[in-house]
Protein chains: 2
Amino acid sequence: MPKKRVVIVGGVAGGATCAARLRRLDEQAEILLFDRGPYVSFANCGLPYYVGNVIRDEEKLLQATPALFKDRFNIEVRTQSEVLSINREARNITVRDIMKGREYTEPYDELVLSPGAAPIRPKWPGAHLPGIFTLRTIPDSREIREWIDSRNPRKAVIVGGGFIGLEMAENLIHRGIAVTIVEMANQLMPPLDREMAEYARLHLIAHKVRLSLGDGVTGFESSANGGLIVHTQAKAVFEADLVVLAIGVRPETGLARNAGLEIGERGGIRVDKTMRTSDPHIWAIGDAVEVKGRMSGEFELIPLARPANNQARIAADAICGRDVQYRGVLGTAVCGFFGLTAAMTGATEKALRRAGTVDFEVVYLHPTQHVTYYPGAHPIHLKLLFRKPDGLVLGAQAIGEAGVARRVDVIATAIQMGATVFDLEDAELCYAPQYGAAKDPVNLAGMIAANVLRGDVELAPWDKLNSRQALLLDVREVHEHHTDAIPGSRNIPLAQLRSRLNELPRSGEIWINCGIGQRSYYACRILRQNGFRARNLSGGAQTYKVLYPLQ
Amino acid sequence: MPKKRVVIVGGVAGGATCAARLRRLDEQAEILLFDRGPYVSFANCGLPYYVGNVIRDEEKLLQATPALFKDRFNIEVRTQSEVLSINREARNITVRDIMKGREYTEPYDELVLSPGAAPIRPKWPGAHLPGIFTLRTIPDSREIREWIDSRNPRKAVIVGGGFIGLEMAENLIHRGIAVTIVEMANQLMPPLDREMAEYARLHLIAHKVRLSLGDGVTGFESSANGGLIVHTQAKAVFEADLVVLAIGVRPETGLARNAGLEIGERGGIRVDKTMRTSDPHIWAIGDAVEVKGRMSGEFELIPLARPANNQARIAADAICGRDVQYRGVLGTAVCGFFGLTAAMTGATEKALRRAGTVDFEVVYLHPTQHVTYYPGAHPIHLKLLFRKPDGLVLGAQAIGEAGVARRVDVIATAIQMGATVFDLEDAELCYAPQYGAAKDPVNLAGMIAANVLRGDVELAPWDKLNSRQALLLDVREVHEHHTDAIPGSRNIPLAQLRSRLNELPRSGEIWINCGIGQRSYYACRILRQNGFRARNLSGGAQTYKVLYPLQ
C-alpha cells in the first residue's frame, strides 16, 4: 500500500491529539499539521490562569512544540500557516505562509479539520477600542497580561457570565482588579439550570463581584480619563479600565462552508459517528462540529476539551480503518471560581423541557461532601434528573466548595453506563470520615429519587408553591422555623408530629418542608401511613432560598 | 394485620440504619433496639480522629441519641443491654440490663442481628497490661485519650499496619508521639496488592514512622521505667509508653452460633441475598456477616460502613415484604494518612490469583490528578485489573496526594455497572485545569488497557524482569537514564529511535521502559510496526521503584 498522506488543520487540542494517535497507528503515514497561530498543542484551558498569574510561566502552556512533534512522532508541524481553502476534487488545500506571505497547495489523502471555535465579538460600537479583549490564544492572554502590567487597571467589566467569564473574574480579582460581570441572560452560567446558577450568583456577590444580569451590552466608548465606558440596553453605564468579552464561541466553519461541506442546524460542521464530514475524505473534530447529545438525542455544540480529545482519537482510528464509533457527548463540565466548584453532566431541566420528549422528575439535596463530625464539611447543592417511571439517570448539576467534581464524575459514569437511580442508591463509594459518608451524596440522590419512583413519597412541585391550595407544613424545630420560614408555612416539629396529627386537615394536600428535605421526608412517611395526602418539598429551605428569587 | 414486633441487636451503623428504615416503611411496627454499650449510632469511623484530637468534641461522634430515636422514629432504644441468647422456637431473646444486673426476655416477630466485629486481641503474654489498647467504642477512645493526656507518652507501638493502624499512626503523631508499626505481614495495608502498599511504606518512612514489617508480636512486659516492652518473633524489642492493637477484627458471631444459625467458611454469619439467616425470622447485617464479593464471587468479610448501611436497608425492606436483593460487595475502601490517600475497589491481583478462575491483565500508570501546567499537580499511582479478552473491569487500586478517591469512585461505579476498559477509555469526566485533564487518569487507564486488548501493544511481565531473555531498552533522555536506570537496560532516547533501529536485535524480544510508560508505549508502536518484537514495561521506572524491592 502506498503511504497515506493525512493533513490536519488546527493544532490545539483535537488536531494535536489526532496527529499523535495517527502516528501510533500508522508509522508509515505522512502527517502534516497546520496551524494559523504561532503555537500548537497549547493549553487553552489554562489561559485565564495565565492572565491571573496563577500560572506564571508562559512556557508551561506549551504542551508540545513542533520540534517535539518531529522528534517523537515524525510529524511535520507548520505554524503561522493559514489554510485558505480546500479543493475537494483535487484533494488539496491552499495554505498561506503568514510570515513569508506566500501561498501554496498541499495534497492530502485524508483531511482532518480541527479549526476550533472563535470568541464571539459582536459589532457593537467601540468593540475594537484598545483595552477590550477576547481570550483564545497565548498571544491574546499575553496582551491582557501586558495591559494589566503596564496600565495597572483598577476596574474591569467582563461581558458574559459563563464559565470563562467566571474564571476570568476570579483571575482578575486575583490581580487586584475590581470586576463587574454584565450578562444578557437572567442567570450566570447559562448551561446550568437557573436555580443552580443562583448559588454561583450568591457566591460571587460574597466575593465582591458586581453583577448585572439580564442586561445586554450595546457598545463602548472611550472616557475622558483614558478608560472605557460600557453602555447597556437598560441604559446602565459601567466604567472600566479593561474589558474582557467572554460571550461565548462560534464554531470556525468558514473553511468547511466554503468547501461545501454539510453544516448542521446548530451551525457546526455535521459529521457521522466516525467524525467523517459529508466528504468521505474529510473529517472534522472538536469545537467546530455538532455532536449528538447522549441524553438529549439532539445535535449540540460542546466546546470542551474532553470531547474534542475523544473525537480526535475516533477520527484517527477511523482514518486507519478501525471500526469505531463516537458515542455522543454527555456535556460533562466543571468550573471553579473563588473556592466554589460548579459541575454538570447529562441533560439539564431546561434542555429536557425544551425537547419535551421525556417524562422526568427532579430532586434536590444538600449533603455535605463528608461526614459533618469531621472538620471541614461543606454542603454540595445537588440536582438530579431522572426518567419516569424507570429511573434512568438523565443528568446532574452540583455546586459546592468540596467534593463536587467527584460526585458529578460518578454520576457521569453512571449515565454513560445507562444506570438508574436504583444503581446510584446501591453505589459503593469510598468512605472514611475525611472522604465521604456511609451514605454518600450520590447514594442519597439515588435514594431520594428511588423513594419517589417506588411511591414511598410524592414530591410537591416547587414551581406551584405560590399558587398552592395545600397546607404548607414546616417540621423543623421552632427556632429554625422562626429563622427562615417559607411565608405561610405552619410549624409542627417532627418530634411532635405523631401526637399532633389531629391538628392537620384530612382533606386536601399537605406540603412539607424542613431545612434540606430529610425530616420532611420522614414526616411525609408518617402522614401518608396515617392516611394524609402529604408531599415533600425536595431540598427544603435550602432549595427555597435559590428558587424563590426566581418566582 | 397485627403489629409487627422487630427487635434489633446492635445499634451502631447497621442496626441504627435498619431501625430507622423499618420505621419509615412501617409506621405501626413496634421496633426495639438493643446495644451492649452506652451509646447507639455513634461514628466509629471517627474514633482514631477523636484520639488524635482532630475531632475535639466527643458529642460530635454521637449521630443520634436514644431520645432522638424515640422522638423522631418512635423507636425504643435500650443501651447497656446485652442480648445473651436467642430462643428461636419461642421467638424471644434474653437480655441482661447491665446497670441493674437483671435479666429478662423480649419476644420478637423478626430479629435483626447487627453485632459488628470485635478487635482481635491475641492471648499474648502481657496483652492486658495497662497502656495496651484496642479501639472500637467511644469509651475505648476516651481511655486512650485519657492515657495520652495523663501520661504524656513519647513512644507508641501500633500492632498492625492495616487501615486502622495507619489512621492511628497519623493521629498519634499528631499528638506528638513517636510511632512504630509492627506488622506480621510483609506489607502494610494487607487488603492492597503488595507493590501498591509499597507507596504507603515509603510515605510513612518519609513521615518518620518506624516500620517493622514481616515480624509478629509475641508478647508484652512492663519495663523498669513504668513503660511497656514489645517482643517480636524476630527477637526485636520495642519500648513503648502506649500500645494500640490494630490487628483486625473478628465478626461477633457468639449469639448466632449459640442459637445454631449457619456460620460460613469465613467465620461470618451466613445470609441469603435478602440478609436472612438460616432462620426465616432472623436477619443479620454488617461486620458480622459474610457477603459475596461481586468481582470475586466468593464469600468475604468486609467490615466497612457503606456495605453495612446498604445491608441494613435491604434487611428492613425484606422484613417489610419488599422484593429486594443485596447485590454483593465491591469492597470499595479508602484510607488517608499524612496527606496520602490509598483507595481500592473490586478485586485485587492477589485475590484473583488465589481464586485462579479469571484470565486477567494488569496495567500500572502514574498520571497527575490534574494537568501539570496548573500548580499543585501530584501523581496518582494507579493499578487497573481487567478481564481478558473482553476487558471487563475487575478492580483498581490508587494511591496519591490528591484526586484518588474520585478516580476510585468512578471505577467503582464502572465496575458496578459492568463496564469494560473501553468504557473507561470513553468516559467523559469533569475537566478544567484545577480538576483533571482532557484525558483523565481514568481515561488513561482505560486507554492503556484497551491498547493491550486491541493488540496495539504487548505488556512485558514485570515479575519476569530478572529472568528475562529480552533486551531491556530505556527510551528516556540520557540524563534520565543516568539517574535511575533499571540495571542492565540500554538507552536510546525516543527521539533517536527511528534513526537507530539498526542497533536493535531482530531476533528475540525487546522490553521497553521509560519514566511512567508513555514514551515506552510510543516506542513499542514504532518497533512493532518496524517488525520488532517489543513489549512495554507498564508504569516504567515509577513502577519498578515499588516492584523491585519485592523481587
Side-chain angles (χ1 to χ4, degrees), chain A residues 13 24 27-28 43 45-46 49 54-55 60-61 71-72 74 304-310 327 329-330 332-336 343 345 371 373-375 405-406 408-410 412-414 416-419 423 426-436 438-439 494-495 498 522 525-526 529-530, chain B residues 13 24 27-28 43 45-46 49 54-55 60-61 71-72 74 304-310 327 329-330 332-336 343 345 371 373-375 405-406 408-410 412-414 416-419 423 426-436 438-439 494-495 498 522 525-526 529-530:
Chain A
R24 290 199 294 278
E27 184 65 16
Q28 303 307 317
C45 302
Y49 302 93
V54 174
I55 298 167
K60 287 209 170 166
L61 297 172
D71 288 348
R72 185 169 286 184
N74 189 27
L304 293 170
R306 171 69 202 137
N309 222 294
N310 201 351
R327 305 198 209 181
V329 70
L330 291 179
T332 308
V334 65
C335 181
T345 187
V371 290
Y373 66 78
Y374 191 88
R406 180 170 153 207
V408 169
D409 276 354
V410 166
T413 306
Q416 181 193 351
M417 297 304 298
D423 296 312
D426 267 6
E428 196 185 316
L429 305 175
C430 288
Y431 164 53
Q434 328 78 311
Y435 299 98
K439 292 189 187 89
L494 177 60
R498 286 185 181 87
Y522 298 159
R525 293 299 304 156
I526 294 170
Q529 293 188 65
N530 280 286
Chain B
R24 290 198 294 278
E27 184 64 16
Q28 302 307 318
C45 303
Y49 302 92
V54 174
I55 298 167
K60 287 209 171 165
L61 297 173
D71 288 346
R72 186 168 286 183
N74 190 26
L304 293 171
R306 171 70 202 134
N309 222 293
N310 201 350
R327 305 197 210 182
V329 71
L330 291 179
T332 308
V334 66
C335 181
T345 188
V371 290
Y373 66 78
Y374 192 87
R406 181 171 152 206
V408 169
D409 276 354
V410 166
T413 306
Q416 181 193 352
M417 297 304 299
D423 296 312
D426 267 7
E428 196 186 316
L429 306 174
C430 287
Y431 164 54
Q434 324 84 306
Y435 299 98
K439 292 189 186 91
L494 178 59
R498 286 185 181 87
Y522 298 159
R525 292 298 304 156
I526 294 170
Q529 293 187 65
N530 280 286

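Each chain gets a letter, A, B and so on, in the order its sequence line appears, and its residues count up from 1. Since the structure is predicted, the reported quantities are computational estimates derived from the model, not experimental observations.
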With only heavy atoms counted, which part of [X] is less than 4.5 Å from chain B, the side chain, the backbone, both or neither?
{"X": "A:R72", "value": "both"}
{"X": "A:R327", "value": "side chain"}
{"X": "A:Y431", "value": "both"}
{"X": "A:E428", "value": "both"}
{"X": "A:N310", "value": "side chain"}
{"X": "A:N74", "value": "both"}
{"X": "A:A419", "value": "both"}
{"X": "A:D426", "value": "both"}

Query raised in the report: What closest approach, in Å, do B:T332 and B:A412 show between heavy atoms, and which atom pair accounts for it?
Result: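 Smallest heavy-atom distance, with atoms named: OG1-CB, 3.7 Å.
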Query raised in the report: When heavy-atom pairs shorter than 4.5 Å are enumerated against chain B, which of A:A305, A:A432, A:C45 gives the highest number?
Result: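 Among A:A305, A:A432, A:C45, the one with the most close pairs to chain B is A:C45.
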Query - Pick from A:D423, A:I526, A:L494, A:V54 with the largest number of heavy-atom pairs that fall under 4.5 Å of chain B - result: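 When all of A:D423, A:I526, A:L494, A:V54 are compared, A:D423 has the most.
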Report task. Side-chain contact test, heavy atoms from C-beta onward, threshold under 4.5 Å: evaluate it for B:D409 versus A:D409 and give yes or no. Result ->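 Side chain of B:D409 against side chain of A:D409, heavy atoms only: no contact under 4.5 Å found.
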Query - Counterpart residues, ring-ring contact (aromatic ring centres under 6.0 Å, His included), relative to B:Y373 (two or more places apart) - result: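 B:Y373: no ring-ring contact (aromatic ring centres under 6.0 Å, His included) contacts found.
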Requested in this report: Output yes when B:E27 and A:R498 qualify as a salt bridge under the 4.0 Å nitrogen-oxygen rule, no when they do not.
Outcome: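 Salt bridge: yes.
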Query - Side-chain donor/acceptor of A:R306 to backbone N/O of A:A333, under 3.5 Å - result: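 Pair absent, no side-chain N/O of A:R306 close to backbone of A:A333.
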